[in-house]
Every structure is written in structure tokens, then in C-alpha cells.
Amino acid sequence: LYEYHYYSNGQLAAHYYIPGDKNDGVVEGFDEDGKKIKNYVYEKEAEFKGGAKAWQQYIQKNVSKDLKGKGEGSITAEVQVQFIVNTNGDVSVAKVSKSSGYPQVDKDALRVIKECPAWSSAIQFNKPVNAYRIQPFVYQLEGEKTKETGK
């Protein structure tokens, strides 16, 4: 497997290959003069500072835990929020991509995403790029008795 990327002037910008005797790929990047760039990053995903575990802890700590659902018993409400981690690591363009059917749940999940701290931005060909994310949320709502029936 070989991949090559070039500058607009035709100069090799980067190449990626897997040597025949190894499992790990080799990445080399070059500036526009053809000089090798030390610590070149071919591709790196956006990451919440502290990693996936810290992201889950942030979500669990910040979601509202006192939201109510209609009816009795426990109700599961699932919502998905899509957002962009921009080149500065900030979250932008957050919106509900799949509603739970409970406006207060959707609003809360959106709030958690919009208020999150900065991430480490994604990198492609040694430059920061926007990264698109979808975050699912699962809420356990306590049912409230309906006013109409008095139950």
C-alpha cells in the first residue's frame, strides 16, 4: 500500500507506505523545497483533552439528571448531537441530528456539547482540519404522573 500527496507545484508533500516485513505504516512529509519535516503528522483524529474516558466523564458529569418524562416508571430517551471540532479545537455548528422526542432532553444534550471545553484539533497532512462528530446520549427519565388522570 502506497499513498502519495503533492503540493500544487508538483513537489512531493507526503507519502505513506507499509514495508513488506512490517505491520506498521511509515509516513514521511516534506516541505515545498523537498526537505523532510520532522515529526510529520499524516492523519490524527480530533480528541477531547484527556481522551475518550475524560470525554465520557465530562458528559456524565454535565448532563441534567432531574429531567422528567410523561407517564409512570423509567423512560429511556435517546438523542444524537452532531457537531464540528474546528481547526482551533473549539466545538461549533452543534445541532440535534436525531431527536429523542423530548424537547428538554434534546436541549440538554445540545447544551452539554455547546458548553464543552476545547479539544485537540484533527490533523491531516500536518495541518489542522475540521472534524465532524456525532455524539449519542441516553437519558433515563423518571416518569411523572399525568395531571389528566391524577395517577
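Judged purely by distance below 3.5 Å, without hydrogens or angles, the side chains of Gln140 and Ser74 pair a donor atom with an acceptor atom. The closest side-chain donor-acceptor pair between Glu32 and Gln11, if any, does not fall under 3.5 angstrom. Looking at Tyr139 and Asp108, their side chains do bring a donor and an acceptor atom within 3.5 Å of each other.
Note that NZ of Lys95 is 11.0 Å distant from CG of Leu110, once rounded to the nearest 0.5 Å. How far OH of Tyr16 is from OH of Tyr40: 13.0 Å, rounded to the nearest 0.5 Å. Atom-to-atom distance recorded for Ile134:CD1 and Lys98:NZ is 10.5 Å, nearest 0.5 angstrom. Atom CZ of Phe30 and atom CG of Asn126 lie 12.0 Å apart (nearest 0.5 Å). Arg111 CZ to Ser64 OG: the interatomic distance, rounded to the nearest 0.5 Å, is 4.5 Å. Atom OH of Tyr102 and atom CG of Leu141 lie 6.0 Å apart (nearest 0.5 Å).
Val26 and Tyr6 fall within the same hydrophobic cluster, defined by Ile, Leu, Val, Met, Phe, Trp and Tyr side-chain heavy atoms under 4.5 Å apart, directly or through other members. Residue Val79 is grouped with residue Leu67 when hydrophobic side chains (ILVMFWY) are merged at heavy-atom distances under 4.5 angstrom, including chains of intermediate members. Both Ile37 and Val27 sit in one connected hydrophobic cluster of ILVMFWY residues. Membership requires side-chain heavy atoms under 4.5 Å apart, directly or through other members. The hydrophobic cluster containing Tyr17 also contains Tyr4, counting ILVMFWY residues as joined when their side-chain heavy atoms lie under 4.5 angstrom apart, directly or transitively.
When all heavy atoms of Ile18 and Gly25 are compared, the pair lying nearest together is CG1-CA, 3.8 Å. When all heavy atoms are compared, the tightest approach of Ser97 to Gln82 is CB-OE1, 3.5 Å. Contact between Ser121 and Gly89 at its shortest, heavy atoms only, is CB-N, 4.0 Å. Closest approach of Leu12 and Ala14 over heavy atoms only: CD1-O, 3.4 Å.
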Table please: side-chain donor-acceptor pairs of residues 48-59 below 3.5 Å, with sequence neighbours left out.
unit_1	atom_1	unit_2	atom_2	d
Trp55	NE1	Gln135	OE1	2.7
Tyr58	OH	Val112	O	2.7
Tyr58	OH	Cys116	N	3.2

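For Lys61, the NZ atom is loosely surrounded, since the number of other residues' heavy atoms within 6.0 Å does not exceed 12.
With a 4.5 Å cut-off on side-chain heavy atoms, Tyr132 and Phe83 do not count as touching. Proximity of Ser100 to Gln80: side-chain heavy atoms (C-beta onward) are nowhere separated by under 4.5 Å. Looking at heavy atoms from C-beta onward, Phe137 lies out of side-chain contact with Val96 at the 4.5 angstrom threshold. Side chains of His15 and Glu3 form no contact here, defined as non-hydrogen atoms less than 4.5 Å apart. Contact annotation: the side chain of Glu142 never approaches that of Lys65 to less than 4.5 Å [non-hydrogen atoms, C-beta and beyond].
Under the 3.5 Å distance criterion, the side-chain polar atoms of Asp31 are matched with a main-chain donor or acceptor of Asp33. Between the side chain of Asp106 and the main chain of Ser99, no donor-acceptor pair closer than 3.5 Å is present.
Checking Val91, Asp90, Asn130 one by one against Ile84, the side chain to side chain contact (heavy atoms under 4.5 Å, CB included) holds for a single residue, Asn130.
Ring centroids of His5 and Tyr42 are separated by less than 6.0 Å, placing the two rings close together.
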- Task: Apply salt bridge (Lys or Arg N to Asp or Glu O under 4.0 Å) to Arg133 and Glu45, showing your working.
- Result: CA-CA 10 Å; Arg133 294 283 174 268; Glu45 288 291 332; 2.6 Å; yes

